[in-house]
Amino acid sequence: MSAKRRTLVHWFRKGLRVHDNPALSQIFNDARASPEKFYVRPIFILDPGILDWMQVGANRWRFLQQSLVDLDKKLKELNSRLYIVRGKPVDVFPELFERWNVQLLTFESDIEPYALQRDTTVQKIASEHGVKVDTHCSHTIYNPELVIAKNLGKAPVTYQKFLGIVDKLKLPKVLAVPEGLPDGIKPIADEFEAVDSCVYDCPTLDQLVKRPQELGVNKFPGGETEALRRMEASLIDENWVAAFEKPNTAPNSLEPSTTVLSPYLKFGCLSARLLHERLKEILVRKPKHSKPPVSLVGQLLWREFYYTVAAADPNFDRMLGNAYCLQIPWQKQPDHLEAWTHGRTGYPFIDAIMRQLRQEGWIHHLARHAVACFLTRGDLWISWEDGQRVFEQLLLDQDWALNAGNWMWLSASAFFHQYFRVYSPVAFGKKTDPTGAYIRKYVPELAKYPAGCIYEPWKATLSAQREYGCVLGVDYPHRIVNHDIVHKENIKRMSAAYKVNREVRTGKQEDQNDYEPSPSQSTGKRKASSEAKKTVAKRRR
DNA sequence: AGGAGGTTGATATT
DNA sequence: AATATCAACCTCCT
């Protein structure tokens, strides 16, 4: 037997890749240096506790499953393999540490509160079992903690400030795929199967996707192989890369107008550091290029920005107790939330986006703006937290820091404050898709509506609706709100909410100039306002 | 204290 | 395609 051999374990969580993976490379290097001393076990833990932390829809389960299968394949090419462990980390690690005689555990550091608490506990268990733990920051280009430290212990609250800080930091070295392991470092199969009741091969689709009826089109398969293929395809046209300006890309093209690398970055199938390096190489050859915030590098740095600000506040995903977030008296409206969630608001552009999200798991960033603004400050006056939860379930690229940060941005709760700029659910989409081809694809019941009224089907007469084969209230819903009216009311509500927040912040009472709410929304406005004052008072600073 | 700038508004006008 | 107007927020910098 192998009693003298010790095991080196790499724990995959995010970072589902073999390229540019410092924590994985560390154990591979150690094992190659002394092959007679070590076994190597790369593991992924299917942690049931994750479901208390976040909602995961069928499409993202599939993405994960595909990513794990691809990772196993990549590891096998390196003469290793992936071990799937089922159970909570706190329960399984003590057993693994003992049974495998573990010497070293490595993993990629994370900033999400669930991960932080989990990892702290695991570190403690490891130390009790005499297991050394090494962590590496490789999900982001820059270490959020380091950026905060460089800014004197506070996260920068503007993107420009953030850029100023990271400009002075040195870039990490991007690592290649580690060299394959020599024979004998992989524990033989029946040895581990006999003793390890919680260790398995890669899960099948059936095992991970509990509601297969919710699976949509598999347009963006998971895995490092597909991630690298997609990156290469995105970088092939260097003029396109150099000229990229996010605001000039279309939210409603039939094929994505941007790279769709976000799901791969979220799971770490693609290294942000590698993508950044590759972009920079191209920009050296194309001196006339776009720049942050609108460039492709700028997009990566937005991700870094949100990771940094999120790392400084465990309440980043909620309004209460969130140091960044303005306190706004949103209202619960379950029927409106339900209509928005399932693409039944009666606004074809909004509904097309929400249906694309549910089917394909990805929508363009500006499409996210349109529906997020509509749900919150633009039209429905529903909390960004409710929208965040829906995105959390449906987006392939759901990433805690980015999702919360962008929802606060769009609802003008933090980082962005020009609440009087409201997206029109009618006009915004017309700019890039005047004929409504996108709506016809995702809201097929409206397919026969002419370009002139497909964004505003209520403008068609009843006889015209019959002619187009889609009668409002029967085949497609009436619009649930009148944007022209409610968006103006909501601007005033935002103004009132900002005023309350200012008063609490400065401790000064401003002139009374109360906005009288509309009859339809009047219940509880003053109460909501006073509640807002109380919650603002709970904010730090 | 005051002004400039802020990834991506809508609309009307030039 | 660029510019003014709408109404007017925040943070940063001087």
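Within every chain, numbering begins at 1; the chains are lettered A, B, ... in the order of the sequence lines, protein sequences first and strands thereafter. All of these numbers come straight from a predicted model, not from anything done at the bench.
Following rounding to the nearest Å, A/Tyr455 (OH) and B/dA10 (P) show an atom-to-atom distance of 12 Å. Remark: P of B/dA10 and CG of A/Asp484 are 12 Å apart, rounded to the nearest angstrom. Atom CZ of A/Phe415 and atom P of B/dT8 are 16 Å apart (whole Å). Distance CE (A/Met494) to C1' (B/dG9): 15 Å, rounded to an integer number of Å. In this structure, A/Trp409 atom CH2 and C/dT11 atom C1' are separated by 12 Å, rounded to whole Å. In this structure, the CZ atom of A/Arg493 is 17 Å from the P atom of C/dA8, given to the nearest Å. What separates CZ of A/Phe416 from P of C/dC9 is a distance of 13 Å, to the nearest Å. Taking atom CE of A/Met408 as the reference point, atom P of C/dC9 lies 22 Å away to the nearest angstrom.
Applying the 5.5 angstrom centroid cut-off and the 30 degree plane-angle cut-off, the aromatic ring of A/Trp302 is stacked upon the base of B/dT7.
Listed candidates were C/dT11, C/dC9, B/dT8. Nearest to the side chain of A/His365 is B/dT8. The listed nucleotides are B/dT8, C/dC9, B/dA10; the one nearest the side chain of A/Tyr498 is C/dC9. Of the listed nucleotides (B/dT7, B/dT8, B/dA10), B/dT7 has the atom at the smallest distance from the side chain of A/Gln299. Looking at the side chain of A/Lys161, the nearest of the listed nucleotides B/dA10, B/dT8, C/dC13 is C/dC13. Considering only side-chain atoms of A/Tyr159, the nucleotide from C/dT11, C/dA8, B/dT7 that sits closest is B/dT7. Here the side chain of A/Ala427 is nearest to one of B/dG6, B/dT11, B/dG9, namely B/dT11. The side chain of A/Thr158 approaches C/dC12 more closely than any other nucleotide in the set B/dA10, C/dC12, C/dC9.
Nucleic acid contact for A/Val422: sugar-phosphate only, since backbone atoms but no base atoms lie under 4.0 Å from a heavy atom of the residue. When heavy atoms are screened at a 4.0 angstrom cut-off, A/Phe420 is found touching base atoms of the nucleic acid. Looking at heavy-atom distances under 4.0 Å, A/Glu245 makes no contact with the nucleic acid at all. Using a 4.0 Å heavy-atom distance criterion, A/Arg368 is classed as making no nucleic acid contact.
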Just the table, please: protein N/O against nucleotides 2-4 of chain B N/O, every pair under 3.5 Å.
none

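Taking both residues in full, the closest heavy atoms of A/Arg355 and A/Val443 are given as NH1-CG1, 3.6 Å, listed atom of the first, atom of the second, then distance.
Comparing C/dA7 with B/dG2, their P atoms are spaced 23 Å from each other, to the whole Å. B/dT7 and C/dA4: their C1' atoms are spaced 22 Å apart (whole Å). For C/dT3 and B/dG6, the P atoms lie 16 Å apart once the distance is rounded to whole Å.
At most 12 heavy atoms of other shown residues, nucleotides or ligands fall within 6.0 angstrom of atom CD1 in A/Ile236.
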For A/Gln356 and A/Tyr438, what are the C-alpha separation, side-chain angles and deciding distance, and is it a side-chain hydrogen bond (donor to acceptor under 3.5 Å, both in side chains)?
-> CA-CA 10 Å; A/Gln356 182 189 22; A/Tyr438 176 79; 2.6 Å; yes

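In this structure, B/dT8 makes no Watson-Crick or G-U wobble pair, since no nucleotide meets both defining distances under 3.5 angstrom. Judged by Watson-Crick or G-U wobble contacts below 3.5 Å, the nucleotide C/dA7 has no partner. Nucleotide B/dG2 forms a Watson-Crick or G-U wobble pair with C/dC13, both donor-acceptor distances falling under 3.5 Å.
The base of C/dT11 has none of its N or O atoms less than 3.5 Å from a complementary donor or acceptor on the side chain of A/His417.
A/Phe374 and A/Tyr347 have their aromatic ring centers within a separation under 6.0 angstrom. For A/Phe305 and A/Phe415, the distance between ring centers is under 6.0 angstrom. Aromatic pair A/Tyr468/A/Tyr476: ring centres not closer than 6.0 Å.
Within the 3.5 Å criterion, the main-chain N or O of A/Gln398 finds no donor-acceptor partner in the side chain of A/Glu392.
Defined by atom type and a distance below 3.5 Å, a donor-acceptor pair is missing between the side-chain atoms of A/Tyr423 and A/His487.
Between A/Ser257 and A/His364 there is a side-chain heavy-atom pair separated by less than 4.5 Å.
The existence of a salt bridge linking A/Lys430 and A/Glu456 is confirmed by a sub-4.0 Å separation between a basic side-chain nitrogen and an acidic carboxylate oxygen.
The side chain of A/Arg421 places no N or O atom within less than 4.0 Å of a non-bridging phosphate oxygen (OP1 or OP2) of B/dA10. Phosphate proximity of B/dA10 to A/Lys431: present, with a side-chain N or O under 4.0 Å from OP1 or OP2.
In terms of position on DNA chain C, the residue among A/Ile491 and A/Arg502 whose nearest nucleotide sits closer to the 5' end is A/Ile491. Between A/Gln418 and A/Pro156, it is A/Gln418 whose nearest contact on DNA chain C lies nearer the 5' terminus.
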